[in-house]
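Notes follow once the structure below has been shown.
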Amino acid sequence: MTAQILDGNRTASAIKAELRERVDALKAKGVTPGLGTLLVGDDPASQSYVKGKHRDCAEVGIESIRVDLPASASSADVRAAIRDLNAAREVTGYIIQLPLPPGHDEHAMLTLMDPAKDADGLHPINLGKLVLGVDGPIDSPLPCTPAGIVQMLRRHDIEIAGATVAIVGRGLTVGRPLGLLLTRKGIDATVTLCHSRTPDLAAQVREADIVVAAVGVPGLIKADWVKPGAAVLDVGITRGLSAETGKVKLLGDVDPGVKEVAAWVSPVPGGVGPMTRVMLLDNVVQMAEQAVRSR
Ligand SMILES: Nc1nc(=O)c2c([nH]1)NC[C@@H]1CN(c3ccc(C(=O)N[C@@H](CCC(=O)O)C(=O)O)cc3)C=[N+]21
């Protein structure tokens, strides 16, 4: 048996159609959602992600505002750009593209954002609300990759409640917040948060009904680590060279052989990446809707 593919492009398209309607409704009330992006430096991967985000916005009718600073920008320059984005009326939500170049304190910069405009859900206030929100609704923006993974599972009717989940990777943007999200009341997964010091990673993964790999080690998750019938979500994206073509190729954290064991596998590219991007749009729309309600 070979696994079914969790098609992130198709799932994200369905969500985009819903977002277009919500954007139209906001515009009818005189509010145009606007996403700001703050990019510092000239890392090609970051530049291409930011470009993609502006393209996504255009597709659903969200305005987008680009602030690009040169690699030579000082921390004072970055702080000033954050202050401007906090104040800009047309920016209803924004992101600071990570990683910032060496020498900038990312946590300090995230903390300077207006939490009501934090489209990534990475401001300490919003991460704190995720910690506090064990039960009851969360009205703060959720980190985009965790939110996208939950949508991906739900929209394929993969049962989360009662499932055991092995998350591999404890990073700020994926592993840590995903563990918090999946263990909320109403979602009700049982989570093992694994990392580079986990003694027997294979044994933890073998127990899991759902595996999420978010470490950036190509091919780490092997077929004989995976419980037959599991759902395996691949968040890794490493740029490598293809042995056949010699061209740059995106490599996930999941070995291709896993497809022969799992019931569901998300591809790289075309899996979790597009879901992350669409959940950013969802956050921007949600924050604009909240701004309308509170005026
Ligand atoms: N403040 C901030 N927020 C982020 O959400 C954030 C960030 N910084 N820094 C970098 C990571 C990475 N990330 C990706 C999102 C989508 C794809 C994506 O759509 N990937 C395509 C392939 C794109 C390609 O060709 O590179 C796919 O998987 O199909 C990839 C990576 C968001 N991040």
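On a predicted model such as this, the values are computed, not experimentally measured, just so you know. Just so you know, ligand 1 is whichever comes first in the structure, and atom 1 is the first atom listed for that ligand. Hydrogens, waters and symmetry mates play no part in the numbers below; they use all other heavy atoms, side chains included.
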Protein contact of [atom] - nearest heavy atom, named by residue and atom, plus distance:
atom	answer
atom 5 (O) of ligand 1	Asp120 OD1, 3.8 Å
atom 21 (C) of ligand 1	Pro269 CB, 4.3 Å
atom 22 (C) of ligand 1	Leu250 CD1, 3.7 Å
atom 12 (C) of ligand 1	Tyr49 CE1, 3.9 Å
atom 29 (O) of ligand 1	Gly270 N, 2.6 Å
atom 16 (C) of ligand 1	Gly273 O, 3.4 Å

Under 3.5 Å between any N/O of [X] and any N/O of ligand 1: does that happen in this structure?
X	value
Ser48	no
Gln97	yes
Pro99	no

Answer yes if a protein heavy atom lies under 4.0 Å from atom 8 (N) of ligand 1, otherwise answer no.
yes

Tell me whether atom 27 (C) of ligand 1 lies less than 4.0 Å from at least one protein heavy-atom position.
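True for atom 27 (C) of ligand 1.
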
Best match, Lys53, Met275, Met279: closest heavy atom to atom 4 (C) of ligand 1
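Minimum heavy-atom distance to atom 4 (C) of ligand 1 goes to Lys53.
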
Min heavy-atom dist Val268 to ligand 1 below 4.0 Å:
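It does not; every heavy atom stays at 4.0 Å or beyond.
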
Any heavy atom of Cys144 closer to ligand 1 than 4.0 angstrom?
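It does not, in that no heavy atom of Cys144 comes within the 4.0 Å cut-off of ligand 1.
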
Using a 4.0 Å cutoff against the non-hydrogen atoms of Pro274, which atoms of ligand 1 qualify?
19 (O), 27 (C), 28 (O), 29 (O)

